[in-house]
Amino acid sequence: MAKQNDRGFLQASDRQPLLFDWIFSVDHKRIGLLYLYSVGAFFLAGVALGVLLRLELIAPGPTIATAQTYNALFTLHGVVMIFLFIIPGIPGAFGNLMLPLQIGARDVAFPRLNLLSWWLYILGAFMALTSLFSGGGPPDTGWTFYVPFSSETPTNVSLALLAVFIIGFSSILTGVNFVTTIHRLRAPGMHWGRLPLFVWSLYATAWVQILATPVLGITMVLLMVERLIGLGLFDPGRGGDPILYQHLFWIYSHPAVYIMILPAMGVVSEIIPVFARKPTFGYKAIAASSVAIAAAGSLVWGHHMFVSGMSDTAILVFSLLTFLVAIPSAVKVFNWVATLYRGSISLEPPMLFALAFVFLFSIGGLTGLILGSAATDVHVHDTHFVVGHFHYVMFGGTGFAFFAALHYWLPKVFGRMYNMKAATIAWAIIFVGFNLLYFPMMLVGLHGMPRRYYDYLPQFQQLNVIATAGSWVLAAGLLLMFVNLYRGMRRGAAAGSNPWQAATLEWVLTSPPPAESFSQPPQVTHGPYDLQQAGKP
Amino acid sequence: MTMQRDATAARLGMWLFLFSELLLFGGLFLLYAVYLARYPADFVAGGRQLDLLLGTGNTILLITSSLTVALALSALQQGRRRLCLGLLCATVLASLLFLVNKGVEWQAKFDHGLFPGGARLEETAPGQKVFFGLYFVTTGLHGLHVLIGAALLLWILGLVGSGRVTEQDPVMLENGALYWHLVDLIWIFIFPLYYLLL
Amino acid sequence: MTDLPFTTIEAVDAVFLYIFGIAALLLVGITATMVVFVVRYHRRRHPQPQPSPSSKLWLELVWTLIPTLIVLSMFWYSWEGYLKLIDVPPDALKVQAEGRKWSWNFSYENGRSSDRLYVPVGRAVRVAIVSRDVLHSLYIPAFRVKKDAVPGITTYVWFRAPEVGSYDLFCAEYCGVSHSSMVTTVEALPEAQFSAWLEKSKKPSAAGGPALLSRHGCTGCHSLDGSRRVGPSFLGLFGRQTQVLSDGRERTLTANQDYVRRSILQPQADLVQGYPPVMPSYQGQIPPDELQTLVDYLCSEPLSAAPAGP
Amino acid sequence: MNRYSHPALSFRCLTTVWALLLVLTGITVFVSRLDLGALNIWAALGIATLKASLVVLYFMHLKHEPRLLKLCLFIALLTLASFIGLTFFDVLYR
Ligand code: HEA
Ligand code: HEA
Ligand code: CUA
Ligand SMILES: [Cu+2]
């Protein structure tokens with residue numbers, strides 16, 4: 001085992017230049033960190049765009065940008081956040097870092113494919129960014145690329161589509177890798193009933209990645225072909241049907257929201273038992289509900305199309321299925337809360353973020369029910385109510401879980417601890433700023449303010465001003481959080497191998513983990529939440 | 001870092017990837033199904049204009065190439081490396097023939113103005129435009145897969161030749177063959193759906 | 001107004017109330033439980049976890065079944081509400097709405113057309129929705145109705161204005177650069193006043209320049225007062241030295257009648273520098289006499305002269 | 001860890017499958033020339049499915065794979081079927 005002060009897998013080798021040592025590494029931990037850095041960078045880019053959007057919306061009429069710029073801004077904000085941050089986020093970064101460690105494997109099943117995934121992701125991101133400065137200017141379609149607008153706008157949509165296609169490919173390869181890894185590389189004794197819940201959630205996610213992403217791929221290809229040679233498959237003038245595009249798009253993009261949330265739920269399921277010092281309540285139900293969400297979630301895409309001109313029969317079916325998919329989410333929430341019962345709860349930063357997740361995700365999910373109901377969705381569809389809903393689930397849900405994961409696992413990865421007090425303050429500011437930002441958005445949506453509106457009527461101003469002010473509070477909190485984490489990772493006190501006294505396998509290793517994490521597969525003797533066994537394999 | 005050599009894992013990974021490919025074409029089959037339901041007569045009229053002979057020829061070619069690659073794998077496993085190489089050559093050859101046929105077929109369509117923007121197609125009913133639109137993307141995407149598959153097999157042929165894929169370690173060939181069979185599988189559906197509509 | 005027949009507002013609001021009510025209860029319940037647990041079992045007060053079962057079948061069944069019942073009831077209730085939204089009263093007044101970049105045009109059965117939606121108060125109105133170019137969506141928040149305008153098919157909404165007044169009408173489906181200015185109003189008039197309006201002038205071509213500009217949606221992008229919108233302002237257009245991009249080449253021209261006409265029919269022929277190339281062609285969309293009126297108006301005294309107010 | 005792949009399938013078995021595939025190709029072409037109305041498309045699909053099963057089971061060795069993989073394939077197909085099926089709730093009733 002490694003000696004004190006060892007930098008583990010972070011240790012530079014002297015064989016080749018440092019940079020190459022990283023960007024061509026096939027070690028899952030290094031690839032995980034590559035993802036973490038790139039995902040983090042795009043998050044900051046997306047966030048900056050979000051702040052600009054809010055600034056524009058602080059008052060009716062032109063404020064800081066032209067209408068065309070605004071349209072490009074929210075398109076880019078959506079594309080960056082969805083495809084570059086939230087979808088690859090938790091699986092790419094923490095999945096890669098922790099999945100093999102948690103199941104006691106030496107690495108993922110296909111390490112080189114793993115590196116290829118990251119490179120494809122970077123290539124796609126690079127193309128997405130290039131699309132801003134080349135061709136007919138930044139894409140202005142919204143992240144949904146609805147036809148016929150997207151097939152005729154002169155902006156540089158084709159390149160953005162190609163970028164999305166490539167990033168999708170990267171996502172598929174990650175999925176293939178994870179499913180294979182979980183099936184084949186579990187350490188002896190790590191049977192399915194002992195898989196950490198984070199692994200279960202990644203397993204369910206990976207299946208969605210494998211089976212739904214290709215549909216997005218073909219949709220992007222069709223749209224590109226449409227733009228290049230005008231096949232007319234979605235063009236009503238040539239016998240095509242624009243609504244079919246929406247079906248194809250959402251066949252992927254609804255399941256994609258579960259690609260975003262399932263790993264986040266996995267993180268929360270890891271953290272809550274550790275900080276409540278109690279085994280998860282209803283391990284089996286949580287594991288099964290991950291799979292159920294993945295399966296049922298693939299069948300509800302039509303709820304994005306209630307006012308699209310789709311048939312009423314389809315509305316009936318999709319509305320019913322949408323309501324059903326809420327059930328496994330409810331089961332998870334109840335199980336998390338029940339885990340707290342009679343525990344010994346300590347409110348350290350990871351736990352604070354996890355608890356905030358439960359609250360904010362519940363708000364987001366419950367507003368999802370309003371959207372899933374056909375009658376009410378007619379009113380709030382394409383308003384800021386929807387914008388509020390999805391920021392609650394994506395940022396309040398996945399975003400907060402991502403922050404929780406940072407606070408939970410970074411001490412493992414870097415071997416150093418951040419400042420707890422600063423982290424707690426940052427959490428509080430973020431929590432307040434978040435609600436200040438997005439709650440008014442939902443209200444203004446209920447009053448009828450449509451989304452993707454550069455300019456709005458004066459009666460909507462008050463709530464918009466509050467939201468914009470909230471974005472500044474949120475910005476301050478995020479800044480504090482990142483600075484604190486950064487300083488902690490550079491100069492913090494040594495964290496020790498198991499600062500939280502958790503029982504999953506990654507905590508058995510030193511912090512940072514050695515380059516050869518489990519060269520001998522460990523013999524696993526207990527479940528992931530047998531906290532008395534913490535520190536033993 | 002050494003790769004973990006696990007044939008079962010490699011094969012599982014390949015199958016998962018093939019599922020992905022299946023769903024990729026699945027999107028096109030979805031469009032096909034919807035538009036067939038909407039424009040049955042136009043689809044039949046469109047199908048009549050495809051070359052049944054070339055289509056059937058290509059079907060036979062692909063099925064045969066599927067056989068040769070399966071035989072190549074068996075040959076390698078039985079230690080008959082020379083035979084394996086020959087069979088792989090045959091497979092690659094068949095794939096090239098397939099592509100030539102496809103090219104001839106597409107060329108004929110272009111000559112007749114049956115392409116998006118072409119004179120003949122522009123005059124026809126909307127349903128036929130959709131049919132030919134789908135025909136071109138579907139066969140185009142499939143052709144691309146044939147090309148990729150052929151390149152893959154060619155590479156594996158090199159590996160078998162240089163002794164890096166062997167009787168003991170045939171995983172690469174197994175996976176290459178799996179990919180090739182998928183290409184065949186997709187065609188097995190494309191053929192009746194496009195060429196045999198009457 | 002209590003004696004009014006059923007409106008879409010009631011249909012939707014009842015569902016809102018039902019789902020919001022239950023959701024709020026659930027949220028408060030879950031949050032309160034969470035907070036109570038966190039306080040009560042905080043490590044300071046509760047240094048050791050107490051053993052409690054790590055699963056309990058009956059409990060888990062209960063909290064699977066109850067949510068199932070809740071969501072099924074929500075589904076059912078919302079579907080009932082939705083049925084009311086698609087069930088148009090037979091006596092409804094018929095109007096057609098056409099969405100185009102970036103304005104609405106409403107036409108009535110007697111040939112009258114307008115860029116605002118005039119309706120008689122209290123009477124059911126069925127709006128058939130079509131699109132000339134890309135997707136749009138007709139949204140009237142006050143009446144809780146919305147439906148996309150999809151090229152190639154006709155969709156509809158119905159509603160009943162409960163009171164006299166002016167209600168906002170938005171385009172809710174993103175449709176390009178001026179999506180957010182595709183805004184107009186529903187004017188609910190008393191029955192008699194509405195009939196008078198409807199009969200006032202059936203022949204739209206009698207309208208003069210300003211009316212035509214707004215009917216064809218030009219003012220969605222071009223201002224009359226010199227302010228900058230998506231396209232160049234009409235104020236001072238005639239005789240202006242304009243930098244344009246023709247076939248990829250830059251040149252400067254003086255705006256004359258020919259240029260104005262060409263810009264309406266083939267907007268992509270000469271693209272004014274500094275503006276996005278987004279204007280749709282009006283070829284075949286404007287009757288020749290109206291086109292002439294428009295061109296005359298655009299090149300006329302009040303517009304080409306110095307600022308004269310909007 | 002099992003390094004090993006399946007036992008090799010005999011040439012005999014593979015060529016038999018191939019012959020069957022050719023016969024089925026002949027049949028499907030023949031059947032398509034009969035006028036069965038809407039049944040034509042189902043006949044074509046049925047035969048194609050039969051052919052596909054042969055390829056999957058023998059050429060792709062699924063017959064000798066563990067049950068798990070068969071289940072996975074089933075899930076993938078089921079997913080595709082539900083995507084297409086649910087879309088038809090829209091297009092058939094519009
Ligand atoms: C992380 C991402 C994420 C997640 C998890 C969800 C989860 C859900 N979403 Fe959301 N959604 C988005 C991201 C997400 N969504 C995005 C990005 C869009 C907009 C896309 C665009 O147009 O740009 C969108 C849009 C969207 C729409 C379309 C709105 C419109 O455009 O008109 C609908 C409609 O049904 C919907 C519904 C739901 C439902 C029912 C859930 C459910 O899964 C929620 C389940 C959770 C709960 C129900 C809460 C927790 C449970 C309890 C608190 C227990 C008690 C509960 C019960 C008893 C029921 N969402
Ligand atoms: C994970 C997904 C995600 C996240 C995290 C966010 C985050 C934010 N989004 Fe997001 N948003 C989307 C996904 C997301 N968004 C999507 C998919 C759309 C739809 C796009 C479409 O319609 O096509 C959308 C649309 C959207 C709109 C609607 C636009 C419209 O319809 O007109 C708005 C408007 O306010 C908005 C605002 C914001 C804001 C203010 C943030 C905030 O989070 C930003 C808050 C953060 C900060 C304020 C911190 C900033 C910190 C710094 C700047 C410091 C950095 C500096 C250093 C460290 C050096 N977003
Ligand atoms: Cu029209 Cu938005
Ligand atoms: Cu959805």
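Chain naming here is simple, since letters A, B, ... match the order of the sequence lines and numbering starts at 1 in each.
Rounded to the nearest 0.5 Å, atoms CD1 (A/Ile363) and OG1 (C/Thr31) are 7.0 Å apart. Summarising the geometry, atom SG belonging to C/Cys171 is positioned 11.5 Å from atom CZ belonging to A/Arg452; distances are rounded to the nearest 0.5 Å. A distance of 7.0 Å separates OG of C/Ser52 from OH of A/Tyr341, quoted to the nearest 0.5 Å. To the nearest 0.5 angstrom, C/Trp76 atom CH2 is 10.0 Å from A/Leu320 atom CG. Here the NE2 atom belonging to A/His447 is positioned 12.5 Å from the CG atom belonging to C/Asp168, to the nearest 0.5 angstrom. One finds the CD atom of C/Glu173 at 8.5 Å from the CZ atom of A/Arg451 (value rounded to the nearest 0.5 Å).
A donor-acceptor contact shorter than 3.5 Å is absent between the side chain of C/Arg43 and the backbone of A/Ile345. Using a distance-only test at 3.5 Å, with no hydrogens or angles considered, no donor-acceptor pair links the side chain of C/Thr155 to the main chain of A/Gly309. Formation of a donor-acceptor pair under 3.5 Å by the A/Arg342 side chain with backbone atoms of C/Tyr41 is not found in this model. Between the C/His46 side chain and the A/Gly343 main chain, a donor and an acceptor come within less than 3.5 Å of each other.
In terms of heavy-atom proximity, A/Gln246 sits nearest to C/Leu135 at NE2-CD1, 3.4 Å. Of all heavy-atom pairs between A/Ser319 and C/Phe75, the closest is OG-CD1, 3.6 Å.
Side-chain atoms of A/Pro148 and C/Pro151, non-hydrogen and from C-beta on, do get closer than 4.5 Å to each other. Looking only at side-chain heavy atoms (C-beta outward), A/Val378 and C/Val12 stay at 4.5 Å or farther from each other. Between C/Leu72 and A/Phe323, the closest side-chain pair of non-hydrogen atoms is not below 4.5 Å. When side chains are defined from C-beta on, C/Ile30 does not count as touching A/Phe359, because their heavy atoms never get closer than 4.5 Å. Residues C/Pro49 and A/Lys278 form a side-chain contact, since some pair of their non-hydrogen atoms from C-beta on lies under 4.5 Å apart. Residues A/Asp312 and C/Tyr82 form a side-chain contact, since some pair of their non-hydrogen atoms from C-beta on lies under 4.5 Å apart. Between C/Phe16 and A/Ser373 the shortest side-chain heavy-atom distance does not fall below 4.5 Å. Taking 4.5 Å as the limit, every side-chain heavy atom of C/Asp13 sits out of range of all side-chain heavy atoms of A/His379.
Contacts with chain C were tallied for A/Pro279, A/Ala67, A/Ala374, A/Ser346; A/Ser346 has the most, counting heavy-atom pairs under 4.5 Å. Counting heavy-atom pairs under 4.5 Å between each of C/Gly152, C/Ala14, C/Ala23, C/Gly81 and chain A puts C/Ala23 at the top. Taking A/Ser344, A/Ala375, A/Pro328 one by one and counting their heavy-atom pairs under 4.5 Å with chain C, the maximum is reached by A/Ser344. Looking only at heavy-atom pairs under 4.5 Å with chain C, the residue among A/Tyr70, A/Tyr456, A/Phe281 that has the most is A/Phe281. For the set A/Asp140, A/Thr155, A/Thr66, the entry with the most heavy-atom pairs within less than 4.5 Å of chain C is A/Asp140. Top candidate by heavy-atom pairs under 4.5 Å with chain A, chosen from C/Thr33, C/Ile70, C/Val15, C/Asp133, is C/Val15. The greatest number of non-hydrogen atom pairs below 4.5 Å with chain C, out of A/Leu369, A/Leu316, A/Leu446, is found for A/Leu316. Top candidate by heavy-atom pairs under 4.5 Å with chain C, chosen from A/Thr153, A/Val333, A/Leu457, is A/Leu457. The choice from C/Ile22, C/Val71, C/Ile140 that makes the most heavy-atom pairs within less than 4.5 Å of chain A is C/Val71.
In this structure, the portions of C/Trp63 lying under 4.5 Å from any heavy atom of chain A include both its backbone and its side chain. C/Phe20 touches chain A through backbone and side chain together, each having a heavy atom under 4.5 Å away. Neither the backbone nor the side chain of A/Asp235 has a heavy atom closer than 4.5 Å to any heavy atom of chain C. For C/Val39, no part sits under 4.5 Å from any heavy atom of chain A, backbone or side chain. The part of C/Leu59 that comes within reach of chain A is its side chain, from C-beta onward, which places non-hydrogen atoms under 4.5 angstrom from that chain. The contact between A/Phe74 and chain C is made entirely by side chain atoms (from C-beta outward), counting heavy-atom distances below 4.5 Å. Interface remark: C/Leu27 contributes backbone and side-chain atoms alike to the contact with chain A (heavy atom separation under 4.5 Å). Looking at C/Thr68, both its backbone and its side chain come within 4.5 Å of chain A, counting heavy atoms on both sides. There is no contact between C/Glu80 and chain A, counting heavy-atom distances below 4.5 Å. For chain C, the nearby part of A/Ile327 is the side chain; its heavy atoms alone come within less than 4.5 Å. Using a 4.5 Å cut-off between heavy atoms, C/Glu60 contacts chain A through its side chain alone, with no backbone atom that close. Contact annotation for A/Ser150: neither backbone nor side-chain heavy atoms come within less than 4.5 Å of a heavy atom of chain C.
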Query raised in the report: C/Val177 and A/Tyr454: side-chain contact (heavy atoms from CB on, under 4.5 Å), yes or no, with the steps?
Result: CA-CA 9 Å; C/Val177 62; A/Tyr454 154 74; over 6 Å; no

Requested in this report: Show your reasoning for whether side-chain contact (heavy atoms from CB on, under 4.5 Å) applies to C/Ile153 and A/Ile243.
Outcome: CA-CA 10 Å; C/Ile153 65 176; A/Ile243 298 180; 3.9 Å; yes

Query raised in the report: Should C/Tyr174 and A/Asn71 be marked as a side-chain hydrogen bond (donor to acceptor under 3.5 Å, both in side chains) after you check the CA-CA gap, both sets of side-chain angles, and the distance that decides it?
Result: CA-CA 9 Å; C/Tyr174 178 69; A/Asn71 295 346; 3.1 Å; yes

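The only member of A/Tyr453, A/Tyr146, A/Phe149 that meets ring-ring contact (aromatic ring centres under 6.0 Å, His included) when paired with C/His179 is A/Tyr453.
Looking at C/Lys101 and A/Glu152, a side-chain N of the basic residue comes within less than 4.0 Å of a carboxylate O on the acidic one, giving a salt bridge.
A/Asp382 and C/Tyr139 form no side-chain donor-acceptor contact under 3.5 Å, judged by distance and modelled atom types alone.
No more than 12 heavy-atom neighbours from other residues, nucleotides or ligands sit within 6.0 angstrom of CZ on A/Phe439. The number of heavy-atom neighbours closer than 6.0 Å to NZ of A/Lys284, taken from other residues, nucleotides and ligands shown, is 12 or below.
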